[in-house]
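For ligands, and for the atoms within them, numbers begin at 1 and follow the listed sequence. Please read these numbers as outputs of a predicted model, since none were measured by experiment.
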Amino acid sequence: MESVTIEIRGRMFIPNHVLLHHDQETALRFRNHDTELHTVVAKELFFGVGLNIGGNGAPEFGPDGLKRVIIPPEGLIEIQFTPTRTGTFSYLCDMPGHDMKAVIVVE
Ligand SMILES: [Cu+2]
């Protein structure tokens with residue numbers, strides 16, 4: 001399994017650009033080093049994809065699948081999935097006032 005960790009620090013996703021691989025089982029981790037909540041909203045990347053979510057985050061699901069995952073301060077989430085589509089998928093944190101955006105590329 002390929003594993004990729006994105007650090008959240010100072011209201012930034014670091015690195016803000018990561019590469020995943022099509023049809024490769026993946027563990028995508030987000031570690032929040034801040035003292036405030038952040039979220040990961042990546043509807044396009046996860047649309048129609050089976051997910052296994054671990055860690056101490058709070059996933060929220062809607063009719064189209066995963067809406068977002070809330071990551072507590074100092075928290076960690078791990079999302080296991082297999083990317084089924086290639087492309088460039090932007091994601092963000094939707095907490096009010098947080099201008100946090102980044103990109104996951106699947107090739
Ligand atoms: Cu945030």
- Message: Per the salt bridge (Lys or Arg N to Asp or Glu O under 4.0 Å) rule, what does the pair list look like for residues 19-28, sequence neighbours excluded?
- Response: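 Counting only pairs at least two positions apart or across chains, no salt bridge (Lys or Arg N to Asp or Glu O under 4.0 Å) contact touches residues 19-28.
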
- Listing residue and atom name, which protein N/O/S atoms are closer to the Cu ion (ligand 1) than 2.8 Å? His38 ND1, Cys93 SG, His98 ND1, Met100 SD

- Message: Assess whether a salt bridge exists between Asp94 and Arg68, defined as any Lys/Arg side-chain N lying under 4.0 Å from an Asp/Glu carboxylate O.
- Response: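 Between Arg68 and Asp94 there is a salt bridge, with a charged N closer than 4.0 Å to a carboxylate O.
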
- Query: Which residue pairs pass the side chain to side chain donor-acceptor pair (under 3.5 Å) test when at least one of the two sits in residues 44-59, sequence neighbours left out?
  - Reply: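 Listed once each, the pairs would be none.
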
- So, do Ile53 and Leu66 sit near enough that their side-chain heavy atoms are less than 4.5 Å apart?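 Counting from C-beta outward, Ile53 and Leu66 do come under 4.5 Å.
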
- Item | ILVMFWY cluster membership beyond Leu19 - transitive side-chain contacts under 4.5 angstrom |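 Val103, Val105, all in the cluster of Leu19.
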
- Note on the structure: Output for pair (Phe89 CZ, Phe47 CZ), nearest 0.5 Å, gives 12.0 Å

